[in-house]
Amino acid sequence: MTASPPSRFVVRAPRAFDGSGFVPAAVVVDEGRIVDILAVDAPIAGAAEVAIADDAVLLPGLVDSHVHINEPGRTEWEGFRSATLAAAAGGITTLVDMPLNSVPPTTTVPALEVKRAAAAASAFIDVGFWGGAVPENLGRLGPLHEAGVYGFKCFLAPSGVDEFGHLDRAQLRAAMDEVAALGSRLIVHAEDPALLGADGALGRGYEAFLASRPAASEASAIDAVIAAARASGARAHILHLSDARSLPAIRAARADGVALTVETCPHYLTLIAEDIPDGAAEFKCCPPIREASNRDLLWQGVVDGTIDAIVSDHSPSTVDLKRAGDGDFGLAWGGIAGLQVGLSAVWTEAHARGIPLETILPLFTTGPAAVAGLSGVGRIEVGAPAHLAVFAPDDALRIDVAALRHRNPISAYDGRMLRGRVRRTWLRGRSVFDSALGGAGEAPATRGAPGGRLRSRTDELIGAMGDPR
């Protein structure tokens with residue numbers, strides 16, 4: 001492979017993902033767009049050649065609609081440069097940034113503009129933004145909607161940061177009514193605070209932390225979201241589902257016509273409570289990683305199509321915050337850092353269960369794109385931007401946290417042996433990751449010149465009128 005293909009090139013792939021399965025294809029790229037898809041051996045004049053090895057597959061660039069980048073304000077936790085380079089190394093070419101834990105949170109238009117400026121200066125992949133719905137801005141979400149956020153995130157339990165308050169049940173209904181009137185969507189961290197344990201020290205054993213965030217709390221909050229979405233007609237989305245026993249309620253609501261989607265995360269599909277060591281607070285997240293039997297039910301939701309997306313919920317912090325209280329699960333910061341490794345982690349578990357790669361890929365591509373309302377991404381098709389990734393499903397990948405592109409070297413995946421590895425990623429035909437360059441993640445063509453673009457809801461409206469972004 002060349003390190004930086006010219007503006008016109010063809011990627012010849014014995015196996016390219018077409019949205020449902022793998023087909024041999026020659027994908028022709030010109031000026032950053034896919035301009036043709038031909039037979040794999042078709043002669044193509046005037047185009048440089050990029051050949052994909054027989055042991056690898058060509059994928060559309062992945063989409064992650066749930067990432068906490070934290071810049072500005074808490075950039076020492078994660079920033080747009082480190083996060084987007086990690087994403088590119090994981091095959092991700094489009095992400096949507098959460099409205100917290102940056103300071104200020106994305107609950108006003110000026111705060112959104114500060115975030116956009118930071119991303120524009122540093123992002124190596126495309127970035128869009130969620131707005132926040134908090135008690136202070138209810139009734140005034142319209143300006144953020146018009147400014148281009150893809151929807152609004154709220155918490156039904158304390159978020160963990162003082163500047164992003166949670167909604168009570170009456171405020172949840174008010175937020176649903178408001179986003180319905182705007183034609184937007186409400187994405188919800190669903191835990192019922194009345195059923196959560198008290199804050200404070202819990203000790204180094206994981207069992208006490210798990211008991212403090214019971215599945216009943218998720219189930220109660222999800223029932224409230226369903227009721228509010230049903231009454232308002234709003235589009236609603238359940239974030240980071242960990243309680244698989246809530247899946248029947250979600251299925252029933254959909255069958256009833258409620259506009260409801262749901263995501264889960266790699267850590268819920270690959271990790272289990274029974275294996276979490278004492279004091280290993282890198283595994284702490286909210287809602288928590290639950291038992292093996294729960295994980296099995298989540299996988300049923302993946303296979304039967306109930307779960308719409310698998311997203312990272314990359315929520316990093318500094319090492320000292322994760323180690324607070326010497327591994328006390330009540331005192332440590334909660335959040336899993338896994339932006340770079342999601343596909344490999346989930347594919348490892350899927351393969352062990354006999355689930356084909358093509359079953360999970362839509363949940364990393366078109367699924368998150370649909371959740372956020374992103375157009376033109378997650379597909380290999382004529383007219384789409386040439387966001388592409390090469391994935392080797394049988395490559396062994398041992399996770400060394402010090403080698404990940406995340407800003408802070410702490411992750412629940414450290415030391416795990418995974419199956420499958422991203423070898424290369426292109427953004428609009430430009431190389432943004434190439435493992436052949438020693439795994440550094442920053443190709444010469446992108447060093448010092450981030451090429452990511454800012455996306456907004458208005459981009460999608462323009463695309464619908466014939467100018468795909």
Val262 backbone acceptor or donor facing Asp308 side chain under 3.5 Å: yes
Donor-acceptor contact present, side-chain Asp126 to main-chain Arg453, <3.5 Å: yes
Nearest 0.5 Å please: distance from the CD1 atom of Ile336 over to the CD atom of Glu282. 8.0 Å
Which distance, rounded to the nearest 0.5 Å, do you find between the CD1 of Ile34 and the CG of Leu388? 5.0 Å
So, are Arg419 and Asp394 salt-bridged, with charged N and O less than 4.0 Å apart? yes
Euclidean distance, Leu418 CG relative to Asp395 CG, rounded to 0.5 Å: 12.0 Å
Under 4.0 Å between a side-chain nitrogen and a carboxylate oxygen: does that hold for Glu460 and Arg457? no
Taking every heavy atom of Ala26 against every heavy atom of Val10, the minimum-distance pair comes out as CB-CG2, 3.8 Å
Which pair of non-hydrogen atoms, one from Ala133 and one from Cys154, has the smallest distance, and what is that distance? O-CB, 3.6 Å
Decide yes or no for Ile238 and Val225: does some side-chain heavy atom of the first lie under 4.5 Å from some side-chain heavy atom of the second? yes
One pair to check against side-chain contact (heavy atoms from CB on, under 4.5 Å): Phe129 and Arg116. What are the steps and the verdict? CA-CA 8 Å; Phe129 300 90; Arg116 282 177 165 163; 3.6 Å; yes
Quick one: do the Glu78 and His406 side chains pair a donor with an acceptor below 3.5 Å? no
Applying side chain to side chain contact (heavy atoms under 4.5 Å, CB included) between Ser312 and each of Leu95, Val341, Val67, Leu62, report the one that passes. Val67
Going by an N to O cut-off under 4.0 Å, is there a salt bridge joining Glu31 and Arg8? no
Using modelled atom types and a 3.5 Å cut-off, is there a donor and acceptor pairing between side-chain atoms of Asp414 and backbone atoms of Ser411? no
Looking at Ala396, is its backbone amide N or carbonyl O close enough to the side chain of Arg421 to form a donor-acceptor pair, meaning the two atoms are under 3.5 Å apart? no
State, without any angle test, whether His240 and His189 hold a side-chain donor-acceptor pair at a distance under 3.5 Å. yes
Using side-chain contact (heavy atoms from CB on, under 4.5 Å), reason through Val161 and Arg74 one step at a time and then give a plain yes or no. CA-CA 11 Å; Val161 292; Arg74 292 190 175 99; 3.9 Å; yes
Tell me, do Val11 and Leu58 make a side-chain contact under 4.5 Å, heavy atoms counted? yes
Any salt bridge between Glu71 and Lys115, counting N to O under 4.0 Å? no
What is the distance from atom CD1 of Ile307 to atom CD1 of Ile250, rounded to the nearest 0.5 Å? 8.0 Å
Report yes if some heavy atom in the side chain of Phe152 is under 4.5 Å from a heavy atom in the side chain of Leu144; otherwise report no. yes
Between Lys322 (side chain only) and Ala281 (backbone N and O only), is there a donor and an acceptor less than 3.5 Å apart? yes
What heavy-atom pair brings Ser344 and Leu397 nearest, and what distance separates the two atoms? OG-CD2, 3.7 Å
I'd like to know if the side chain of Asp313 reaches the main chain of His66, judged simply by a donor and an acceptor atom lying under 3.5 Å from each other, with no hydrogens or angles considered. no
Judged by atom type as modelled, is there a donor-acceptor pair below 3.5 Å linking the side chain of Arg323 to the main-chain atoms of Thr318? no
May I ask you to test the Val96-Leu374 pair for a side-chain heavy-atom distance under 4.5 Å? yes
Taking C-beta and beyond as the side chain, do Leu260 and His237 meet within less than 4.5 Å on heavy atoms? no
Distance-only, no hydrogens or angles: does the Trp130 side chain make a donor-acceptor pair with backbone N or O of Ser65 under 3.5 Å? yes
Is the closest basic N to carboxylate O distance between Arg295 and Glu349 below 4.0 Å? yes
Walk me through whether Ile276 and Ile289 qualify under side-chain contact (heavy atoms from CB on, under 4.5 Å). CA-CA 9 Å; Ile276 296 177; Ile289 295 163; 4.3 Å; yes
Which heavy atom of Ser184 sits nearest to which heavy atom of Gly151, and what is that distance? OG-CA, 3.3 Å
At what distance, to the nearest 0.5 angstrom, does CG of Leu112 lie from CG of Leu454? 9.5 Å
Hey, could you give me the CD/CD distance between Glu136 and Glu163, rounded to the nearest 0.5 Å? 10.5 Å
Give the C-alpha distance, both sets of side-chain angles, the deciding distance and a yes or no for side-chain contact (heavy atoms from CB on, under 4.5 Å) between Leu271 and Arg290. CA-CA 8 Å; Leu271 307 174; Arg290 303 195 187 277; over 6 Å; no
Can a donor-acceptor pair be found between the side chains of Arg423 and Ser435 at a distance below 3.5 Å? no
Residues Arg407, Glu76: salt bridge by 4.0 Å N-O rule: no
So which atom in Arg428 and which in Pro385 form the shortest heavy-atom distance, rounded to 0.1 Å? CG-CB, 4.0 Å
Donor-acceptor pair, side chain of Tyr268 and main chain of Pro287, under 3.5 angstrom: yes
Name the residue from Ser102, Ser317, Ser315 that meets the side chain to side chain contact (heavy atoms under 4.5 Å, CB included) definition with His68. Ser315
For the residue pair His314 and Pro266, establish whether any side-chain heavy-atom pair is separated by less than 4.5 Å. no
Between Ile69 and Ala83, which heavy-atom pair has the shortest distance, and what is it? CG1-CB, 3.9 Å
Would you say Pro316 and Asn408 make side-chain contact, with heavy atoms under 4.5 Å? no
Go through the side-chain N and O atoms of Asn137 and Thr107 and say whether any donor and acceptor fall under 3.5 Å apart. no
I'd like to check Arg353 versus Trp299 (side-chain heavy atoms, cut-off strictly below 4.5 Å). Are they in contact? yes
Main chain of Asp30, side chain of Ser7: is a donor-acceptor contact present, judged purely on distance under 3.5 Å? no
